[in-house]
Amino acid sequence: MCGIVGYIGKRDAAPILIEGLHRLEYRGYDSAGIALVRGKSLSVFKSKGKVRELERLLPERLKSSTGIAHTRWATHGEPSDRNAHPHVDASGRFAVVHNGIIENSAQLRRQLVANGTQLQSDTDSEVLAHLIAAHPAERLEDSVRAALRLITGTYGIAVLDGERPDTLIVARNGSPVVLGIGDREMYVASDPAALVRHTQSVVHLDDGELAVVHAEGFETFLLDGGPTSKTPATLAWSEESFDKGEFTHFTRKEIAEQPDAVRRTLSGRLEPRFQTTHIGGLELAARELLAVRRVKILGCGSAYISGRLGAQLIEQLARVPADAEPASEFRYRNPVIEADTLYIAVSQSGETFDTLAAVQEIKRKGGRVLGIVNVVGSTIARECGRGMYLHAGPEIAVVSTKTFTCTAVAFALLAVHLGRLRDLSTARGAQLLQALAGLPAQIETILTQEPAIESLAQSIARQQNAYFVGRAASFAIAMEGALKLKEVSYLHAEAYPASELKHGPLALICPEMPTVIIMPRDELFAKNVATIEEIRARKGPTYVVTHAGEPLPVAVDGVIEVPKSEPELDPILLNIPLQLLAYHVALARGSNVDQPRNLAKSVTVE
Ligand code: G6P
C-alpha cells in the first residue's frame, strides 16, 4: 500500500528518497512521486507506474537536502501522473504526501472549488495541501494543525514548505509514521523498511501526534496540545534481510527461510522441564488463562486463515472452544464482547486497518486482546500491548508464506500452554514439545522435494481453475493453498471441505478441473480416498498432499509426501508444498510473484 519517505539533513535528498521508495515497492503501489526544496521553492516530479519510471523523469543534478516522496496505491481516483503524490497547493509552496483516507474529502473539495481553488487531481489527499495554504501561520506546524482539524479519516502525512528547507512536518492518525534518527540528519517513513539502510534508531509516532523534524533532531506534540516525550527504539532487522540474496524472488527466499524463521518463533519458548511452553509477552497469569472460556481469533487474508488453524489447535489441545473470523466482518457486526473470551488479533505487518479496528472495538467494549504479530513496534502490537512476536524476519513478498507458518507455530505454542493448564498430560506435552522442535528440520526435508512439486505445478499451470479440498484442520490448509495459488498465479482456485464436494462443487468436476486433496494419514484418510474416487469417476485430475506410507489405494495424477509430525501439527507441514506449488504455477504462467496485481502488503485502509 501507500508508502512515505522523507529526508532532511546535509546529503543529497533525491537518491536517499528514491532508494527509500524502492524499499517500499514490496508493499504494492501504482504510482510514485517526489518533492524537494531547492533554493526557496519546491520541485515536484510524479509518475504513474514504477519508481524507475519516476527516476527517468529526474534531472541529473537535483541539489536538495530536504524532500518527501511517496508510493501510491489508488483509493480515490485512478492511478495516473496527476493523482500521484506529492500534492501541492495552488501557489506550489506546500507539498503533502498522505497515506490513509480522508472521509470528508468530497465535501472539502466542494468547498475549495466554491472558494475558487482549481483542484489538480481526483484524490482525497490533495485537499490537505490547499487547506494548509489556507491557514497561514508563523510556524508550519500550526498551519498543518489547522488543516488536520478540518478533516476526518485516517492519515500518515509528511509536509514540506518550499520556503522553509529546514523543516519537515509529519503527523499520524491511524496510518504509521516512523522517524529515523541519523547523525545530524533525520529520516521519515511509513515503514521502517525504508530506513533500515541508514539507521537502526527509530521513533514511532502514536495516533494524534505530530512531529516537527529538523536535521538536528525532532520535537513531538499532541495534535491539539503540548509536547510529548518519545524514547527511541532500535530496529531489530538488518539491511541484508531486505535483499533477495541468491534468490530470484522474495517469495521463494521467504519459503526457504522457514526452517530458521520457525526456529526463531520457537526460540526460548519451549519449556521441557514442565512439558509446556513459555510465552513471555502473554502477561496473563495462569489463573486468568484458566478462566478463559472461549477464544476468538481475528485477522485478514492469510492471517485469518492461520487463525482458523490456530482455533483448531486450541480446541484440540486445550479443549477450549475457539473460532476465527475475518476482522473486517467482525468489526461491523456489533460483536458481543465477553469477559471470559480471549481475543487474539493476528497480523504480519501489525498495520492492517480492519484488524486494528477490530482490536480497538474489542478494547472499547472492555475485552482482552492479544496480538500475534511479526513487525515489532507495529500499531497492532502496541495497541494490544501483549501477545507474541513471530520473529520471522521481514516478509517482503506481498503474499504471506513464512509468517503463515510461524503464526501457526505460535498458535501451537499457545495451545500447548493453555492445554497444559488444563487437561493436556505431561506425556502429551512432552511429545508435542519434541514435535515442535522437530518442525524446522522437517520443513527442510519438504523443501528438497521442490523438483517434484514443480513438475506437478506444470500440469496445474495449464488449467484455468483448481479446487483445494481437505477435512477438519486440513480444510484451513486447503483455504490457504487456494488463496496462495490465486494470489500469485491468477488462476481461479477455490477451497472446499472435502465433505462438501458432493453438495455442489462436484458439478464442475471434469478433465479441466484439477483438485488438490490435502489428506494426512489420520482417521479421515479413508473418507478422503472416497472423495478421490468421486472426483476420478467424473474424470477430474487429482493431486494429493499426504504422508509417506502404504501406496494409495486409488490412482491419482500426482502425490507429494511430507514427513509426519504430531496430528495437531501436521497441517503446518502439509501447507509447505502448497506454497511451492503456487510459486511454480506463477512462474510457469509468467505472473509477478512478489507483487501480484491489485494486491498490497500492508492494507492500511478499509
Ligand atoms: C493483505 C495481503 C495478505 C495478508 C493480509 C493480512 O491482504 O495481501 O497476504 O495476509 O493483507 O496482512 P497482515 O499484515 O495483517 O497479516
Side-chain angles (χ1 to χ4, degrees), residues 1-3 24-29 73 75 99 174-176 190-193 249-251 254-255 261 265 297-310 324-331 344-360 369-384 387-390 392-408 410-411 476 479-490 493 575 578-579 582-583 586 591-606:
M1 285 228 127
C2 300
L24 299 185
E25 286 193 294
Y26 78 96
R27 299 163 64 94
Y29 69 104
W73 192 83
T75 55
N99 291 354
S175 215
S190 54
D191 176 337
H249 295 97
F250 280 111
T251 307
E254 287 156 11
I255 291 172
T265 304
I297 303 163
L298 302 156
C300 298
S302 292
Y304 155 62
I305 299 175
S306 69
R308 289 189 63 128
L309 190 53
E325 184 177 342
S328 45
E329 290 294 306
F330 175 85
R331 58 179 286 229
I344 303 178
V346 181
S347 177
Q348 183 288 128
S349 61
E351 303 294 348
T352 299
F353 189 84
D354 282 320
T355 311
L356 174 64
V359 170
Q360 289 167 338
V369 53
L370 301 180
I372 296 186
V373 173
N374 191 37
V375 179
V376 175
S378 57
T379 311
I380 292 171
R382 286 185 298 144
E383 188 77 41
C384 292
M388 293 171 82
Y389 281 120
L390 300 178
E395 192 175 67
I396 306 296
V398 165
V399 296
S400 162
T401 53
K402 64 175 175 175
T403 59
F404 178 88
T405 302
C406 290
T407 305
F411 272 118
M479 289 176 75
E480 176 60 9
L483 178 65
K484 210 86 310 167
L485 187 65
K486 79 179 113 192
E487 283 179 314
V488 298
S489 75
Y490 314 149
N575 180 54
L578 302 184
Q579 300 173 336
Y583 175 71
S591 50
N592 185 344
V593 188
D594 282 346
Q595 289 170 36
R597 67 183 179 209
N598 306 337
L599 298 182
K601 182 71 180 160
S602 190
V603 183
T604 47
V605 296
E606 267 183 86

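Both ligands and their constituent atoms are indexed starting at 1 by order of listing.
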Next on the checklist: I'd like to know if the side chain of Asp191 pairs up with that of Tyr26 as donor and acceptor (distance under 3.5 Å, no hydrogens or angles considered).
Outcome noted: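 Yes, side-chain donor-acceptor contact under 3.5 Å.
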Item to check | Heavy-atom pair with the smallest gap, counting every atom of Thr265 and Ala410 | outcome: CG2-N, 4.1 Å
[X] vs [Y] side-chain heavy atoms within contact, under 4.5 Å:
| X | Y | answer |
| --- | --- | --- |
| Leu298 | Glu325 | yes |
| Glu395 | Thr401 | yes |
| Ile372 | Phe411 | yes |

Checklist entry - Who are the ring-ring contact (aromatic ring centres under 6.0 Å, His included) partners of Tyr583, not counting sequence neighbours? => result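 His249.
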Contact table, ligand 1 N/O with protein N/O, distance under 3.5 Å:
| from | atom 1 | to | atom 2 | distance (Å) |
| --- | --- | --- | --- | --- |
| ligand 1 | 8 (O) | Ala600 | O | 3.1 |
| ligand 1 | 9 (O) | Val398 | O | 3.4 |
| ligand 1 | 10 (O) | Ser302 | N | 3.0 |
| ligand 1 | 12 (O) | Thr352 | OG1 | 3.4 |
| ligand 1 | 14 (O) | Ser347 | OG | 3.4 |
| ligand 1 | 14 (O) | Gln348 | N | 3.4 |
| ligand 1 | 14 (O) | Ser349 | N | 2.8 |
| ligand 1 | 14 (O) | Ser349 | OG | 2.6 |
| ligand 1 | 14 (O) | Thr352 | OG1 | 3.4 |
| ligand 1 | 15 (O) | Ser347 | OG | 2.6 |
| ligand 1 | 15 (O) | Thr352 | OG1 | 2.4 |
| ligand 1 | 16 (O) | Gln348 | N | 2.6 |

